[in-house]
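Notes to accompany the following structure.
Throughout, protein chains are lettered first and strands after them, A, B, ... in sequence-line order, and every chain is numbered starting at 1. For the numbers below, each heavy atom of this structure counts, side chains included, while hydrogens, waters and symmetry mates do not.
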Amino acid sequence: MTNPDQFSGNDLPDYRPAAGGIAARARAATLPAYLTGLNPEQSDAVQTLDGPVLVLAGAGTGKTRVLTTRIAHILASGRARPGEVLAVTFTNKAAREMKMRLGQMLGQAIEGMPWLGTFHSIGGRILRVHAELVQLKSNYTVLDTDDQIRLLKQLLAADNIDDKRWPARMLAGLIDGWKNRGLTPSQVPAGEAAMFGNGRGGKLYAAYQERLKILNAADFGDLLLENIRLFREHPDVLRQYQQRFKYILVDEYQDTNVAQYLWLRLLAQAPSQTSPRARGEVGSHSDPGEGAPPQIADSQLAETPPHPTPLPARGEREQAVALGENAAPPKNICCVGDDDQSIYGWRGAEVDNILRFEHDFPGAKVIRLERNYRSTGHILAAASYLIAHNEGRLGKTLRTEDVDGEMVTVTGAWDSEEEARAIGEEIEQLQRQGHALNEIAILVRASFQMREFEDRFVTLGLPYRVIGGPRFYERAEIRDALAYLRVINSPADDLAFERIVNVPKRSIGDATVQLLHDHGRRRRIPLYEAARAIIETDELKPKTRGSLRDLMMSFERWRAQRELLPHTELAQIVLDESGYTEMWQKDRSADAAGRLENLKELIRSMEDFENLQGFLEHISLVMDRDGGSDEDAVSVMTLHSAKGLEFDTVFLPGWEEGLFPHQRALDEQGRAGLEEERRLAHVGITRARKRAKLYFATNRRIHGSWTTTIPSRFLDELPGDHVEITESKGGSGWGGAGGYGASRFDDVGAFGSSYSTPGWQRAQANRGRGTGSGFSESPSSFSRGDFARKRAPLTIEGELVAKSTGTQSEFSLQQRVFHQKFGYGEVVRIDGNKLTIAFDKAGEKKVVDSFVERV
DNA sequence: AATCTTACAGTTTTT
DNA sequence: CTGTAAGATT
């Protein structure tokens, strides 16, 4: 955040005047300050306030700036008050950033925008107000995926369905998919509903929805779907919101799914047009009926190649049209997105939404932002050339006024280990040249690739940070703690009760829980009440009965204390008295300390909320992953989680067929899958400001065994003029390839063939002068020995010693140590500041001493 | 009820 | 090969 380059990106206080000339200056004189410094297209996007607008904002073209400025303009020009503007994003992070930038732009003059948030938080908020209309109470619980699956497991068990053959996870996926497409149980096409559990999928979905109502709970999908149902069944409520929202803004429109699209359409309609017909016909209209022939809903399942020209309307859209939702002239809705960055098709995002915007919102104005302020010329050219291979796109050409800069590099490595080694060295070199590690990222296709980098960085002592992984509230310890609080807040929360009844272990096993379930079901009471009743009987073994009674008494006590104590203090007491904290204190595994730290963080975060109820309401919707530390460290993450971020230097390893593009995407989605993978590649390259470095390995371990791979077709799709083929650090593109004899050439041949393509040959011809040998040169002149020799003189050690905690005598052989990642172990060898440690669980590892502590 | 053993799968992720 | 989850064992 301290990098000066930051402002060459979206913020642009110093936008080059080339764009406007006299006209721009004239505008600047009459318009408010926030409008100055926008380029003509941006300015257009900000000031076209009436009617539907689609802003196609390529990577690094100032998308967020346009959105925030547009809101500022709406507010400052007095066209609407903050409460009359609906602005939706996908992530809390994006919402927070917009709020922040809006605040900066407008000063403190305007109170925070109440309707700026994620689809889910806004949907959830509307739902709380009208909960009774959809058979919920306003204090309903939001279930996460884990709760969802456990609930489904119970339903499967109740229906005697073998959850080996029909896993609950799969059903959860199906239900999510249906909800993403805006389908209630009765609207699911019969063919699809029959696909699960010998035709019982549809019934299970219905049963699940019913059960949710009884538990007073909603899953993530419901937050939107129940909103749609609410709006359709209660036109008066819909009208209220249509009147309220004078302006609607949508971020990342290419990522919207059908449900989100329907939700937006309903809200974007002019208030007077609410169709009274909508009420009764929702269910019956598209309901194929129970006995209908299994139509495998081709329109929904078969891949529909995206195409800019009008497409056949798809099922859900037809439905919207049939309900009269298409009739009204759309209001002032502005969607911002980039079809070239649509990478979430697999979780329900419909690229069609953005491709068909003009069709869906007649009279829409489409504005293209094509001036890129992030990347240098070569990087942009490479990314543009690559993405041009996609057919289903609206078409944009990114331009920059920046210098060409460094070429994009492509480097081959013998195997993934060498790939990691080479990248590690490049990073160390950058570090020695004074580049901040914070400005370096490694973006992988699949998370298993991260491991090799982590291992390498641990040995090098190079600080790194893994982005992504389990979210804060998804961690077991957080969910356990929350479950305790949920039971205190709402004794009817069976899922929460079940989760912690035997955590920590209190000898209340499955048998006992089953007994509680039976009891509860018979008397139609929650598990909590069942437990209270059963400890008065002698149905349980004395030991179990005693321990359950203790737990119940604790809960009663905590509930009484709830009125007297601040909720943070209560949480502390609950965790201590339940033995939960103690459980982790006694745990000697590597991550126990971290878990205790997380629990502390949870309590800290509770302070931001007024009371327990408020905290629980928000935790599942607006709790973000722990804010990254501010240490200087290399970021390691997946390409997906890199969307929206930018770095000076970006390393993109693993560009091999099968991995990237991923085989599964190809197998399951065909050409659409390939195009999405290509968009992912485009996203990856455009994350880089100054350096994009692509890698492929000839050999990679997949599912344990070594597999020879061929370089990704995407490498062939790069423009030769902007790409440089380099050698892996230490002398050879093959690094350690030497010494393996003829078989190696077989492998080279395999990949060489894919390099007979024009793009590749251009690339080779182009890099002729200066840079040294390329792939055409025999790699046999290099060997592992060469590699090692060239590595030796590097003074990494010198730097690391300076960073390490102290003298090397701090550790001795057989010393017991603790490492944040690998846990406990014993020192078996010492080389300067590098220790070889036999970890109890992780095996033998080489680690820099500053990363371990004595026990 | 807790621990050990075996089977099995194994992109991408937000809310 | 490795981590998880369900099943078998004590």
Select base, sugar-phosphate, or nothing to describe what A/A511 touches, counting heavy atoms under 4.0 Å on all strands. nothing
Could you tell me whether A/E474 contacts a base, only the sugar-phosphate backbone, or nothing, with contacts defined as non-hydrogen atoms closer than 4.0 Å? base
What residues form a side-chain hydrogen bond (donor to acceptor under 3.5 Å, both in side chains) with [X], not counting sequence neighbours?
{"X": "A/H519", "value": "none"}
{"X": "A/R479", "value": "A/D144, A/D146"}
{"X": "A/K164", "value": "none"}

Test side chain to side chain contact (heavy atoms under 4.5 Å, CB included) applied to A/F453 and A/V444, step by step: CA-CA 10 Å; A/F453 292 100; A/V444 297; 4.3 Å; yes
Give, ordered by number, those residues of residues 443-450 of chain A having at least one heavy-atom distance below 4.0 Å to an atom of DNA chain B; if nothing qualifies, reply none.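 Result for residues 443-450 of chain A: A/R445, A/A446, A/S447, sorted by number.
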What integer distance in Å separates [X]:[atom1] from [N]:[atom2]?
{"X": "A/I149", "N": "B/dT13", "atom1": "CD1", "atom2": "C1'", "value": "14 Å"}
{"X": "A/K93", "N": "B/dT14", "atom1": "NZ", "atom2": "C1'", "value": "12 Å"}
{"X": "A/Y344", "N": "B/dT13", "atom1": "OH", "atom2": "P", "value": "7 Å"}
{"X": "A/K541", "N": "B/dA1", "atom1": "NZ", "atom2": "C1'", "value": "8 Å"}
{"X": "A/I467", "N": "B/dT13", "atom1": "CD1", "atom2": "P", "value": "12 Å"}
{"X": "A/H120", "N": "B/dT14", "atom1": "NE2", "atom2": "P", "value": "12 Å"}
{"X": "A/D510", "N": "B/dA2", "atom1": "CG", "atom2": "P", "value": "10 Å"}
{"X": "A/K543", "N": "B/dA2", "atom1": "NZ", "atom2": "P", "value": "7 Å"}

For B/dA1, take OP1 and OP2 only and decide whether either is under 4.0 Å from a side-chain N or O of A/N502.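 So the side-chain polar atoms of A/N502 never come under 4.0 Å of the phosphate oxygens OP1 or OP2 of B/dA1.
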It should be established whether A/S121 places a side-chain nitrogen or oxygen under 4.0 Å from OP1 or OP2 of nucleotide B/dT15.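 No, no such contact exists.
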Just by distance, no angles: are the side chains of [X] and [Y] close enough, under 3.5 Å, to form a donor-acceptor pair?
{"X": "A/K153", "Y": "A/Q148", "result": "no"}
{"X": "A/N257", "Y": "A/N180", "result": "yes"}
{"X": "A/E477", "Y": "A/N598", "result": "yes"}

From C-beta outward on A/K505, which listed nucleotide comes closest to its side chain: B/dA2, B/dT15, B/dT13? B/dA2
Any side-chain heavy-atom pair from A/P711 and A/E656 closer than 4.5 angstrom? no
Side-chain contact test, heavy atoms from C-beta onward, threshold under 4.5 Å: evaluate it for A/F647 versus A/V650 and give yes or no. yes
If you measure from the ring centre of A/H703 to the centre of the six-membered ring in the base of B/dG10, is it under 5.5 Å, with the planes under 30° apart?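 One would call A/H703 stacked on the B/dG10 base.
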Kindly state whether the pair A/H662 / B/dT11 counts as stacked, where counting means centroids closer than 5.5 Å and planes tilted less than 30° apart. yes
Can you give one letter per nucleotide of nucleotides 2-7 of chain C, going 5' to 3': B for a protein heavy atom under 4.0 Å from the base, S for sugar-phosphate only, - for none? SS--S-
Gap in Å between the two P atoms, one belonging to C/dT4 and one to B/dT11, rounded: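 Pairwise P distance, C/dT4 against B/dT11, rounds to 14 Å.
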Integer angstrom distance from the P of C/dA5 to that of B/dT12: 15 Å
Judged by nearest nucleotide, the residue sitting upstream toward the 5' end of DNA chain B, A/G704 or A/T512, is A/T512
Have a look at B/dT12 and give me syn or anti from its glycosidic angle (syn if within 90° of zero).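 Anti, angle beyond 90° from zero.
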Within residues 539-550 of chain A or reaching into it, pairs that qualify as salt bridge (charged side-chain N to carboxylate O under 4.0 Å, His left out) - sequence neighbours excluded: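 Non-adjacent pairs meeting salt bridge (charged side-chain N to carboxylate O under 4.0 Å, His left out): zero.
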